Amino acid sequence: MRYMKLLFVLVFLAYAMAPEMKLRRVQEDIYMVRGVDALPSVENRGFMSNAFGVLTEEGWVVIDALSTPELSKEFVDNLMRVRKAPIKYAIITHYHPDHWYGAKTYKELGAKIVAHKRLMDLYQSGEAQLALENAKQRFGDLFKSVALVPPDILVEDRYTLKVGGKTFEVIYMGPAHTDNDLVVYMPSEKVLFTGDLVLYNRIPFMGDRGASSRGLLEALNKIKKMDAKVLLGGHNEPMDMSAVDFTLAYVQFLRENIKKAKEQGKSIDEIRQALGDSPYRKYVMYDAFHNANVFKVDSELDMEE
């Protein structure tokens, strides 16, 4: 009995400390929820990324699906409080769990899932399922209800959705953060949904096996030329073009300093140590991502030579 009481208290405390999902209006017809800046855990429910809903005359268009069906259902419930309307499309900006794993909710609601064709390749190869099984083992019950669903609409370079009087330009920008990065541009609203390509005062993750620091620089420079006033990313508060400059500067800092160190004959451990106390150390997710980024860029530069 004492054990059961203790277990109840621990479960209650864990639930009480979990981040609350609050729907916010970004601008007319565009809503978001803001995930916490952390790695996924049972404690934070995997709610460590953003998701967006755009209300059109025909229904909702959702950008990114969060980490679990529980989270995506909670997001849908929030959207329905604004207006009860069908979810027409769910656009997945890339295959990482915090953007894809909640997609089952939208498939069950009859929405069309939009993603890059490489996400479908990963799904069909069985690699995505293997990664999910590994995540279930690593994170316990966090991903227990996740079931992967394939996209219905495949994007290779560019795909245009016209829904209820609004236009969504879905544009491939990879390989960059991953090899299947999409951004979503709403030209009339001058809004760009950037996935995880653009961050502000937060360190990007460049350690994915399909990532390319050179490709990320190219993607960021393409974004700088776009006529967007508001940038809505997979993390962060709403941003402007200054966030692109922040992300560019970090990627350039890594590439330039690692290249210089390699030319001086330094080993990867020496490079990692030399860059450990970088000017970016104060920013969010530095301890989680910086070393992985150093190793990835070092190996990329070897291939570029």
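Everything numeric here is computed off the predicted structure, so don't read it as measured data. Just so it is clear, the values below take in all heavy atoms, side chains as well, and ignore hydrogens, waters and symmetry mates.
The pair Asp208-Lys296 fails the salt-bridge criterion, with no side-chain N (NZ, NE, NH1 or NH2) lying under 4.0 Å from an Asp/Glu carboxylate O. We find that Asp240 and Lys229 are not joined by a salt bridge, their nearest charged nitrogen and carboxylate oxygen being 4.0 Å or further apart. A salt bridge links Glu74 and Arg45; the closest N-O separation between the charged side-chain nitrogens and carboxylate oxygens is under 4.0 Å. A salt bridge between Lys259 and Glu300 is absent, with no side-chain N of the basic residue lying under 4.0 Å from a carboxylate O of the acidic one.
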Report task. Might you work through the side chain to side chain donor-acceptor pair (under 3.5 Å) test for Asn44 and Ser41, ending with a clear yes or no? Result -> CA-CA 5 Å; Asn44 64 31; Ser41 67; 3.2 Å; yes

Requested in this report: Could you please spell out the steps behind the side chain to side chain contact (heavy atoms under 4.5 Å, CB included) verdict for Ile203 and Tyr250?
Outcome: CA-CA 8 Å; Ile203 300 302; Tyr250 174 74; 3.6 Å; yes

Query raised in the report: Hey, mind stepping through Tyr280 and Phe253 against ring pair (Phe, Tyr, Trp, His ring centres under 6.0 Å) and telling me if it holds?
Result: CA-CA 10 Å; Tyr280 291 91; Phe253 169 84; 5.4 Å; yes

Query - CA sep, side-chain torsions, deciding dist, call: Lys162, Thr167, side chain to side chain donor-acceptor pair (under 3.5 Å) - result: CA-CA 5 Å; Lys162 292 185 180 294; Thr167 299; 3.3 Å; yes

Requested in this report: Assess whether side chain to side chain donor-acceptor pair (under 3.5 Å) is satisfied between Tyr283 and His290, documenting all intermediate values.
Outcome: CA-CA 10 Å; Tyr283 295 113; His290 179 71; over 6 Å; no

Query raised in the report: Could you go step by step and tell me if Tyr185 and Phe168 meet the ring pair (Phe, Tyr, Trp, His ring centres under 6.0 Å) rule?
Result: CA-CA 6 Å; Tyr185 180 51; Phe168 301 82; over 10 Å; no

Query raised in the report: Can you list the steps and then say if Ile171 with Met226 is a side chain to side chain contact (heavy atoms under 4.5 Å, CB included)?
Result: CA-CA 12 Å; Ile171 307 166; Met226 298 178 73; 4.0 Å; yes

Query - Stepwise side chain to side chain contact (heavy atoms under 4.5 Å, CB included) test for Tyr286 and Ser278 - result: CA-CA 10 Å; Tyr286 182 91; Ser278 83; 3.3 Å; yes

Query raised in the report: Could you go step by step and tell me if Asp196 and His235 meet the side chain to side chain contact (heavy atoms under 4.5 Å, CB included) rule?
Result: CA-CA 7 Å; Asp196 283 0; His235 306 275; 3.2 Å; yes

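The backbone N or O of Gly46 lies less than 3.5 Å from no partner atom in the side chain of Asp98, so there is not a single donor-acceptor pair. Between the side chain of Ser213 and the backbone N or O of Val297, no donor-acceptor pair lies under 3.5 Å. With hydrogens and angles ignored, the 3.5 Å screen pairs a side-chain donor or acceptor of Asp64 with a backbone N or O of Thr93. In this structure, the side chain of Tyr172 engages the main chain of Asp179 through a donor-acceptor pair within 3.5 Å. Within the 3.5 Å criterion, the main-chain N or O of His94 finds no donor-acceptor partner in the side chain of Asp181. Checking side-chain atoms of Lys88 against main-chain N and O of Thr56 turns up no donor-acceptor pair under 3.5 Å. Checking side-chain atoms of Asp37 against main-chain N and O of Val284 turns up no donor-acceptor pair under 3.5 Å. Distance alone, capped at 3.5 Å, places no donor-acceptor pair between the Thr178 side chain and the Gly174 backbone. In this structure, the side chain of Asn180 does not engage the main chain of Arg118 through any donor-acceptor pair within 3.5 Å. A donor-acceptor pair is defined here as one N or O able to donate and one able to accept, closer than 3.5 Å; no such pair exists between the side chain of Arg24 and the backbone of Val33.
Among all heavy-atom pairs drawn from Glu169 and Thr160, the shortest one is OE1-OG1, 2.7 Å. Heavy atoms only, all atoms of each residue included: Pro69 and Thr105 are closest at O-OG1, 3.3 Å. For the residue pair Leu119 and Ala115, the shortest heavy atom distance occurs at CD1-CB, 4.0 Å. Ser67 and Val146 make their closest contact through O-CG2, 3.8 Å (heavy atoms, listed as atom of the first residue, atom of the second, distance). The minimum heavy-atom distance between Leu248 and Lys224, with the atom names listed, is CD1-CD, 3.4 Å. The minimum heavy-atom distance between Phe193 and Ile30, with the atom names listed, is CZ-CG2, 4.2 Å.
Heavy atoms from other residues, nucleotides or ligands lying under 6.0 Å from OH of Tyr200 number 12 at most. Heavy atoms from other residues, nucleotides or ligands lying under 6.0 Å from CD of Gln273 number 12 at most. Within a 6.0 Å radius of OH in Tyr159, other residues, nucleotides and ligands contribute 12 heavy atoms or fewer. Heavy-atom contacts from other residues, nucleotides or ligands closer than 6.0 Å to CD of Glu156 number 12 or fewer. Within 6.0 Å of atom NZ in Lys136, more than 12 heavy atoms from other residues, nucleotides or ligands are found, so the atom counts as buried in its surroundings.
A 4.5 Å side-chain heavy-atom check between Asp269 and Arg272 finds at least one atom pair inside the cut-off. Using a 4.5 Å heavy-atom threshold, the side chains of Gln137 and Leu132 count as separate. In this structure, Ile92 and Ile113 have side chains that are in contact, with non-hydrogen atoms separated by less than 4.5 Å. Using a 4.5 Å cut-off on side-chain heavy atoms (C-beta onward), Val114 and Asp152 make no contact. Ile258 places a side-chain heavy atom less than 4.5 Å from the side chain of Leu301. Residues Leu182 and Met173 fail the side-chain proximity criterion, which asks for heavy atoms closer than 4.5 Å. Side-chain contact between Leu66 and Phe47: present, with at least one pair of heavy atoms (C-beta onward) separated by less than 4.5 Å. Proximity of Glu28 to Leu55: side-chain heavy atoms (C-beta onward) are nowhere separated by under 4.5 Å.
For the pairing with Pro204, the side chain to side chain contact (heavy atoms under 4.5 Å, CB included) check across Thr247, Leu197, Leu220 returns one residue only, Thr247. Exactly one of Lys112, Lys117, Lys107, Met120 qualifies for a side chain to side chain contact (heavy atoms under 4.5 Å, CB included) with Pro151. That residue is Met120.
The distance from the CD1 atom of Ile271 to the CG atom of Leu275 is 7.5 Å, given to the nearest 0.5 Å. Remark: Glu70 CD to Lys144 NZ distance equals 7.5 Å, nearest 0.5 Å. If you take CZ on Arg209 and OG on Ser299, they are separated by 14.0 Å, rounding to the nearest 0.5 Å. Between atom CG of residue Asn201 and atom CE of residue Met239 there is a gap of 11.0 Å, rounded to the nearest 0.5 Å. Between the NZ atom of Lys190 and the CG atom of Leu192 there is a distance of 12.0 Å, given to the nearest 0.5 Å. Leu109 CG to Ile87 CD1: the interatomic distance, rounded to the nearest 0.5 Å, is 6.5 Å.
Here the two rings, on Trp60 and Tyr31, have centers that are under 6.0 Å apart.
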